[in-house]
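These numbers come from a predicted model, not from an experiment. Here is how names work: the chains are called A, B, and so on, in the same order as the sequence lines, proteins then strands, and each is numbered from 1.
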Number of protein chains: 2
Amino acid sequence: MLWRNRATGGAVDEEHVVVWERPERGARGPAAVHSRAELAAVAVTLADRDGLAALSMRRLATALGTGPASLYRYVAGREDLLDLMTDAVTGEIDLDAPLGGDPVADLTALALRTRAVHLRHPWLSDVPPEPLRLGPRGLDYLEYAIRAMADVELPGRAKTEAVALVNALVAQFARVEPRDGDGGDDRRAARAGYLVRAATAGNHPHLAAALADDADVSPRETTEELFERTMRRVIGGLLSDTR
Amino acid sequence: MLWRNRATGGAVDEEHVVVWERPERGARGPAAVHSRAELAAVAVTLADRDGLAALSMRRLATALGTGPASLYRYVAGREDLLDLMTDAVTGEIDLDAPLGGDPVADLTALALRTRAVHLRHPWLSDVPPEPLRLGPRGLDYLEYAIRAMADVELPGRAKTEAVALVNALVAQFARVEPRDGDGGDDRRAARAGYLVRAATAGNHPHLAAALADDADVSPRETTEELFERTMRRVIGGLLSDTR
DNA sequence: AGAAACTGCGAACATCGATCGCAGTTATGG
DNA sequence: CCATAACTGCGATCGATGTTCGCAGTTTCT
């Protein structure tokens, strides 16, 4: 057997197991000083403040008052940490809200609550979207979403994919949202400047027109309203059984 | 003045310029051995073969037969390289296909062609989605997409955002697509195994049902057909002016 | 009581992106 | 025509990262 460490699964011969299927603690040794939940909580705090790129194993270890090597007693690697963090903030989404029965309305409401989490934790849209990053709270989330589609006549695969698509859209919206930190205004201004410059310089009449139209018409619509309207349309399109 | 290097813009006081706004070559020194286009081409080849994570400055330099430091004569950093690569493969999309006049159909067709590029270059969905990663070919792409919506009565901002959303969806679909390399079958199987195990073990009846339904009904629909159908619905939803 | 399984962690390794400075090369201006 | 400025390639190197190894100490099981 190649088992070397219960918590990290350091050498599980070729078969990488997910964090959630590895026991957090053994029963033999001394009591652990920290816990996965604590790791996740502190990591989320750091990421909230300095962004995901600034979250390194060392910094997390320092914030926990220990050395980098110690973290690997709780986690097999950085990936596991991202799993933990993602699931932790997923737990902030209220899943006790009763379903009204209209799938489109229910999923739109859920998307709005998901959006709130993204706004609270901007690093969330920077987490590399693994094909299956689902912890316990993620599973609850998925269950809730699929339950909202109980009356929809669609194959199971279509439903799960619909949830993935909706989440991808929420992340995309969150990315566009202006982030408060790191004076992103300069960057944004520079970027936008380049866009209009390039659009007008090159031969891109439609683009230029769209950008000009954008500058003229002041957005009287809240971003949240725009989000909700768009989301309702997309979800409606996704669930429609019209061929 | 803080100018130190024309090509990389190494120290442009606080104002980071995009790659595309920096001249590729000065007029004074000796002829450059390589070019941005060559960098991009080789980088794309490497990423196609080994994935984006395996593409480091050093490896690219080695593939070019030079040292890592030399790359910074053509590019300000890894970000610039990603810009170059993204724009290069964007250029593979045919933008000469005539528009039929139906925005939904035209955009769906464009999305299909974009999907083909993603399948050809799986690393594309791993490129961190910067808010504005648009090179010359990207601008042409955007122009084409907006032109397809010429008759749609929507504010400019809505149109550009619609394109971004569609692209996000294409990327999401590409992520789900089984990748040929690195024996991802094992990972996928392990992941899927965990999903059904967790869904049935915990209290997730709807999820379990959806997964079971998925396993039973063999997918008689091509992934491409599923993609096209979904895309048409979503785009239709996005462009509908119904309140 | 001894073995087994665990814990924290200092030290170290490989790799990464990026910078600096220098020798050599080319164009420009007086 | 030549000195100067601007440029190129690149070896050496820096700081930071994720991760591993081995050891001393601790707790539980048999």
Side-chain angles (χ1 to χ4, degrees), chain A residues 1-12 16 19 22-36 38-39 43 46-47 50-84 128, chain B residues 1-12 16 19 22-36 38-39 43 46-47 50-84 128:
Chain A
M1 270 226 254
L2 280 180
W3 278 86
R4 203 180 303 144
N5 184 313
R6 185 74 56 84
T8 66
V12 194
H16 177 261
V19 205
R22 246 175 289 130
E24 174 160 9
R25 289 240 330 119
R28 215 57 93 85
V33 177
H34 308 283
S35 69
R36 283 183 184 167
E38 189 187 356
L39 287 220
L46 287 185
D50 307 324
L52 193 63
L55 176 71
S56 66
M57 294 286 145
R58 282 172 223 272
R59 276 212 247 276
L60 176 58
T62 304
L64 282 165
T66 164
S70 303
L71 299 183
Y72 291 84
R73 289 284 170 202
Y74 302 85
V75 146
R78 204 181 124 94
E79 276 294 301
D80 280 5
L81 189 65
L82 295 182
D83 282 358
L84 257 44
Chain B
M1 270 224 257
L2 280 180
W3 278 86
R4 205 181 299 146
N5 185 312
R6 185 75 55 81
T8 66
V12 195
H16 177 259
V19 204
R22 246 175 289 130
E24 174 160 8
R25 289 243 324 120
R28 215 58 93 90
V33 177
H34 307 284
S35 69
R36 284 184 184 165
E38 190 186 355
L39 287 220
L46 287 185
D50 308 322
L52 193 63
L55 176 71
S56 65
M57 293 288 147
R58 284 172 221 271
R59 277 213 246 277
L60 176 57
T62 304
L64 282 165
T66 164
S70 303
L71 299 182
Y72 293 84
R73 288 285 169 200
Y74 303 86
V75 146
R78 204 183 125 95
E79 277 292 302
D80 280 6
L81 189 65
L82 295 182
D83 282 359
L84 257 43

Q.
Does any part of the side chain of B/L52, heavy atoms only, come nearer than 4.5 Å to the side chain of B/L82, both counted from C-beta?
A. yes
Side chains of B/T66 and B/H34, heavy atoms from C-beta outward: is any pair under 4.5 Å?
yes
Shortest non-hydrogen pair, B/R58 vs B/P68, comes out as CG-CG, 3.7 Å
>> Using a distance-only criterion (donor-acceptor N/O pair, under 3.5 Å, no hydrogens), is the base of D/dG9 paired with the side chain of B/R73?
In response: yes
Rounded to the nearest 0.5 Å, the CG atom of A/L60 sits from the CE atom of A/M57 at a distance of 7.0 Å
To the nearest angstrom, the CD-P distance between A/E24 and C/dA5 comes to 20 Å
Whole-Å distance, B/R25 CZ to D/dC7 C1', equals 8 Å
Here the distance between atom C1' of D/dA16 and atom CZ of A/R78, to the nearest Å, is 13 Å
Whole-Å distance, B/D80 CG to C/dA18 C1', equals 13 Å
Notebook entry, point to check: Does a nitrogen or oxygen in the side chain of B/T66 sit under 4.0 Å from OP1 or OP2 of D/dC10?
Noted result: yes
Regarding the side chain of B/A32, the nearest nucleotide among D/dG9, D/dT17, D/dA12 is D/dG9
Any side-chain N or O of B/Y74 under 4.0 Å from OP1/OP2 of D/dT8?
no
Notebook entry, point to check: With respect to the phosphate group of D/dA16, does any side-chain polar atom (N or O) of A/R59 fall under 4.0 Å of OP1 or OP2?
Noted result: no
When rounded to whole Å, the CE to C1' distance for the pair B/M57 and C/dT19 reads 14 Å
Item to check | Steps toward side-chain contact (heavy atoms from CB on, under 4.5 Å) verdict (A/D80, A/R36) | outcome: CA-CA 10 Å; A/D80 280 5; A/R36 283 183 184 167; over 6 Å; no
- Message: Just so I know, are the side chains of A/L81 and A/L55 near enough to count as touching, which here means a heavy-atom distance under 4.5 Å?
- Response: yes
Testing C/dG8, D/dT19, C/dG17 for proximity to the side chain of B/R58, the answer is C/dG17
Checking C/dG8, D/dT17, C/dG17 against the side chain of A/S56 (C-beta onward), the nearest is D/dT17
The residue, B/S70 or A/A54, whose nearest nucleotide of DNA chain D is more 5′ is B/S70
Rounded to whole Å, the OH-P distance (B/Y72 to D/dG9) equals 15 Å
Please list, for nucleotides 26-30 of chain D, all pairs of protein and nucleotide N/O atoms separated by less than 3.5 Å.
unit_1	atom_1	unit_2	atom_2	d
D/dT27	O2	A/R28	O	2.9
D/dT28	O4'	A/R28	O	3.2

A/H34 atom NE2 is separated from C/dC9 atom C1', nearest whole Å, by 11 Å
Checklist entry - Side chain of B/Y74, backbone of B/L39: donor and acceptor closer than 3.5 Å? => result no
Taken to the nearest whole Å, CZ/B/R22 to C1'/D/dC7 is 16 Å
